[in-house]
Student: 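The structure's right below; bear with me while I get my questions together.
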There are 2 protein chains.
Amino acid sequence: MTEQPLTRSEENYLKAVYSLSGNTDKGVSTSDLATRLETKASSVTDMVQKLAEKNLLHYRKYQGAKLTPGGKAAAIQIVRKHRLWEVFLHEKLGFAWDEVHDIAEQLEHIKSEELILRLERFLGHPKYDPHGDPIPDPDGRIQARRSMPVSEMKPGMEGVITGVRDSSSSFLQYLDKQQLVLGTRISVVEVFDYDQSVQIETADNRITLSFDVSKNIKVQVENG
Amino acid sequence: MTEQPLTRSEENYLKAVYSLSGNTDKGVSTSDLATRLETKASSVTDMVQKLAEKNLLHYRKYQGAKLTPGGKAAAIQIVRKHRLWEVFLHEKLGFAWDEVHDIAEQLEHIKSEELILRLERFLGHPKYDPHGDPIPDPDGRIQARRSMPVSEMKPGMEGVITGVRDSSSSFLQYLDKQQLVLGTRISVVEVFDYDQSVQIETADNRITLSFDVSKNIKVQVENG
DNA sequence: AGATGATTTTAGACAAGTCTAAACCTGTTT
DNA sequence: AAACAGGTTTAGACTTGTCTAAAATCATCT
């Protein structure tokens with residue numbers, strides 16, 4: 001029951017289970033974890049059993065893994081560190097939003113509670129990371145934002161881009177090229193039945209987004 | 001001959017050999033390395049042989065380890081990262097100078113050339129870390145400072161504290177209590193033959209330093 | 001229900017880095 | 001020169017996290 005220090009690998013597994021769980025209450029499958037962690041299913045089974053021993057997740061053979069409250073808390077702390085470091089890299093060091101992830105992936109494993117508290121203060125207690133994802137507070141509370149993907153908006157609806165569902169370099173660079181950054185105000189002009197693509201309007205442009213792209217842009221819509 | 005990525009452990013060994021070599025051209029003994037790295041002599045032998053295979057150091061049985069040019073360059077890069085992170089922790093996050101070492105010990109292993117270049121720029125290209133040690137430039141050049149320990153100063157000599165030889169928490173906290181920080185101007189009033197203790201004068205105080213303490217404070221003396 | 005195919009687990013192996021215990025050098029003393 | 005004490009290396013073992021290959025289980029379709 002006491003707080004044991006986690007290895008880098010254990011932390012990565014907890015984070016993966018957390019992010020693959022989403023809001024659901026279902027177990028995460030071995031193969032999904034293997035894909036996410038770029039490892040083999042057998043390795044996942046081993047590690048998941050080990051983490052179950054430590055009471056960080058529930059595990060029954062063939063049923064997948066589900067975080068315990070303790071495991072979830074640990075995962076959220078790692079997410080918190082990751083996102084704070086991303087803010088640092090972007091705001092202070094000037095990295096582009098598609099460059100911050102890999103380095104934050106390393107920085108999130110640095111062990112020091114005090115470091116993160118001071119970093120958070122230094123950054124001015126940011127609420128969101130450069131991709132628009134919320135930063136958990138020191139106690140692990142997450143303030144979610146009400147937003148919907150562009151693909152679900154109807155013609156005439158307006159809102160502000162608050163985040164992305166895909167943080168891959170190529171997608172983020174595409175958005176940069178289209179001048180679609182966090183905070184951009186957009187309105188939906190038309191949705192084409194044919195291929196579900198969406199025409200939107202910004203202050204400067206009209207742009208047509210493929211269905212795939214429109215699913216990956218999150219917008220906070222004005223409640224009129 | 002190509003640049004292979006180093007493990008955390010390998011980096012720590014190179015750094016230890018580098019720092020234990022000082023200016024001498026002698027090999028560093030297995031047991032000195034074991035003490036520094038808080039490990040056993042047999043482990044050191046294993047690793048030192050491995051690093052010799054990789055041409056990062058020269059090693060002959062029973063003769064100790066000596067860095068090759070490539071090993072030295074790698075060691076200096078780690079030192080550079082360590083000291084830049086120390087500046088960040090002290091200047092930007094407000095950690096005391098005795099608190100920065102352990103966290104920098106972790107941060108120094110983050111892999112990203114670009115990160116360090118940007119961090120250096122962000123910090124305003126500092127020349128020295130919070131303990132007064134010089135920060136190597138991106139090419140590994142180190143600008144040493146002419147300084148001497150207080151223990152070698154004669155009565156009447158004056159200078160400015162530029163560094164410490166001992167970065168232990170207890171020593172640094174002692175200096176804080178005596179209000180002896182980097183940049184403090186001091187002059188030597190008297191050296192007591194009896195126990196080699198030194199009486200010094202600052203703008204505000206007269207303080208007597210034990211021989212042990214006086215050996216560990218580095219001063220840049222005015223050449224009159 | 002039985003067969004098929006995909007997923008998952010087990011078993012055994014490996015590399016890295018460490019350890020203990022035993023064997024081995026080296027330098028100095030007698 | 002022999003003996004001793006220290007330091008050093010070797011040999012063998014352990015842990016962590018990974019892998020491959022084989023066995024087990026689950027899901028689905030006929």
Side-chain angles (χ1 to χ4, degrees), chain A residues 3-18 20-21 24 26-67 71 74-75 78 105-106 108-111, chain B residues 3-17 20-21 24 26-67 71 74-75 78 105-106 108-109 111:
Chain A
E3 295 258 330
Q4 43 217 310
L6 299 173
T7 67
R8 177 164 305 230
S9 225
E10 288 171 335
E11 291 190 344
N12 284 333
Y13 274 85
L14 291 179
K15 192 163 64 114
V17 176
Y18 177 71
L20 290 173
S21 304
T24 75
K26 287 192 206 149
V28 176
S29 81
T30 301
S31 52
D32 285 356
L33 281 169
T35 304
R36 169 64 65 98
L37 293 163
E38 294 182 306
T39 180
K40 293 296 150 75
S42 57
S43 308
V44 173
T45 301
D46 284 351
M47 183 58 99
V48 153
Q49 289 174 343
K50 184 179 158 193
L51 291 171
E53 286 279 305
K54 295 194 179 188
N55 286 311
L56 291 164
L57 46 79
H58 297 294
Y59 171 69
R60 285 204 339 275
K61 283 188 193 177
Y62 302 101
Q63 305 304 129
K66 210 167 70 174
L67 294 175
I78 301 159
E105 202 80 341
Q106 298 182 61
E108 72 190 5
H109 300 293
I110 301 291
K111 254 85 181 167
Chain B
E3 294 258 329
Q4 43 218 312
L6 300 173
T7 66
R8 178 165 303 231
S9 225
E10 289 171 333
E11 291 191 344
N12 285 332
Y13 273 85
L14 291 179
K15 192 164 63 114
V17 176
L20 290 174
S21 304
T24 74
K26 286 192 205 149
V28 177
S29 80
T30 300
S31 54
D32 284 356
L33 281 169
T35 303
R36 168 64 65 99
L37 292 163
E38 294 182 305
T39 182
K40 293 296 149 75
S42 57
S43 308
V44 172
T45 301
D46 285 350
M47 183 58 98
V48 153
Q49 288 175 344
K50 184 178 156 193
L51 291 171
E53 286 279 305
K54 296 194 180 188
N55 285 313
L56 292 163
L57 46 78
H58 297 294
Y59 171 68
R60 285 207 336 279
K61 283 187 193 180
Y62 303 101
Q63 305 304 129
K66 209 165 72 173
L67 293 174
I78 303 160
E105 201 81 343
Q106 298 182 61
E108 73 189 5
H109 299 293
K111 254 86 179 166

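Quick note on labels: first sequence line is chain A, next is B, and so on, each numbered from 1. Owing to the predicted nature of the structure, the values given are computational and were not obtained by experimental measurement.
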Student: Rounded to whole Å, how long is the line connecting atom OH of B:Y13 with atom P of C:dA16?
Tutor: 14 Å

Student: Name the closest nucleotide to the A:S43 side chain, picking from C:dT9, C:dC25, D:dT18.
Tutor: D:dT18

Student: Going by heavy atoms closer than 4.0 Å, what residues in residues 27-37 of chain A are next to DNA chain C?
Tutor: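 Heavy-atom contacts with DNA chain C come from A:S29, A:T30, A:S31.
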
Student: Could you check B:K15 against B:E105 for side chain to side chain contact (heavy atoms under 4.5 Å, CB included), going step by step and ending with a plain yes or no?
Tutor: CA-CA 11 Å; B:K15 192 164 63 114; B:E105 201 81 343; 3.3 Å; yes

Student: Distance check needed: D:dT16 P versus A:N12 CG, whole Å only.
Tutor: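 It is 17 Å, rounded to the nearest whole Å.
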
Student: So A:V28 and A:Y18, do their side chains get closer than 4.5 Å, heavy atoms only?
Tutor: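 Sidechains of A:V28 and A:Y18: no contact.
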
Student: Rounded to the nearest 0.5 Å, what's the gap from CG on B:L37 to CG on B:L20? Could you check?
Tutor: 8.0 Å

Student: Specify the residue among A:K61 and A:S9 whose closest nucleotide of DNA chain D lies further upstream toward the 5′ end.
Tutor: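 The residue mapped nearer the 5' terminus is A:S9.
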
Student: Is A:S42 side chain donor-acceptor paired with the D:dT20 base, going by distance under 3.5 Å alone?
Tutor: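 Looking at the base of D:dT20, it does pair with a donor or acceptor on the side chain of A:S42 (distance under 3.5 Å).
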
Student: Give a yes or no answer on whether the side chain of A:Q106 reaches the backbone of B:K111 with a donor-acceptor pair at less than 3.5 Å.
Tutor: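 Such a contact is found between A:Q106 side chain and B:K111 backbone.
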
Student: Rounded to the nearest Å, what distance is computed from the CD atom of residue A:Q63 to the C1' atom of nucleotide C:dT9?
Tutor: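 Rounded to the whole Å, the gap is 13 Å.
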
Student: Counting only side-chain nitrogens and oxygens, does B:Q49 get under 4.0 Å of the OP1 or OP2 atom of D:dT10?
Tutor: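 So the side-chain polar atoms of B:Q49 do come within 4.0 Å of the phosphate oxygens OP1 or OP2 of D:dT10, strictly under.
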
Student: Taking NZ from A:K54 and C1' from D:dT16, how many angstroms apart are they, rounded to a whole number?
Tutor: 10 Å

Student: Check the distance between D:dT15's P and A:E10's CD and give it to me in whole angstrom.
Tutor: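 Going from CD in A:E10 over to P in D:dT15 covers 15 Å.
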
Student: If you draw a 6.0 Å radius around NZ in A:K26, do more than 12 non-hydrogen atoms from other residues or ligands fall strictly inside?
Tutor: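 Counting neighbours around NZ of A:K26, 12 or fewer heavy atoms of other residues, nucleotides or ligands fall under 6.0 Å, so no.
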
Student: Please state whether the phosphate of D:dG6, meaning OP1 or OP2, lies under 4.0 angstrom from any side-chain nitrogen or oxygen of B:Y62.
Tutor: no

Student: Quick one: A:E38 CD to D:dC19 P, roughly how many Å, whole number?
Tutor: 11 Å

Student: Please assess B:D46 against B:K40 for the test side chain to side chain contact (heavy atoms under 4.5 Å, CB included), listing each intermediate value before the final yes or no.
Tutor: CA-CA 10 Å; B:D46 285 350; B:K40 293 296 149 75; over 6 Å; no

Student: Is there a side-chain contact between A:L56 and A:L6 in this structure, where contact means two heavy atoms from C-beta onward sitting under 4.5 Å apart?
Tutor: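 Yes, close enough: below the 4.5 Å cut-off.
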
Student: If you find the nucleotide of DNA chain D closest to B:A41 and the one closest to A:M47, which residue's nucleotide is nearer the 5' end?
Tutor: B:A41

Student: Can you figure out which of C:dC19, D:dT18, D:dT8 approaches the side chain of A:T39 most closely?
Tutor: D:dT18

Student: What nucleotide among D:dT20, D:dT18, D:dT9 has an atom nearest to a side-chain atom of B:Y59?
Tutor: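 Selected nucleotide (nearest to the side chain): D:dT9.
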
Student: Take the protein atom CG of A:D46 and the nucleotide atom C1' of C:dA11, then report the distance between them rounded to whole Å.
Tutor: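 Whole-Å distance recorded here is 10 Å.
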
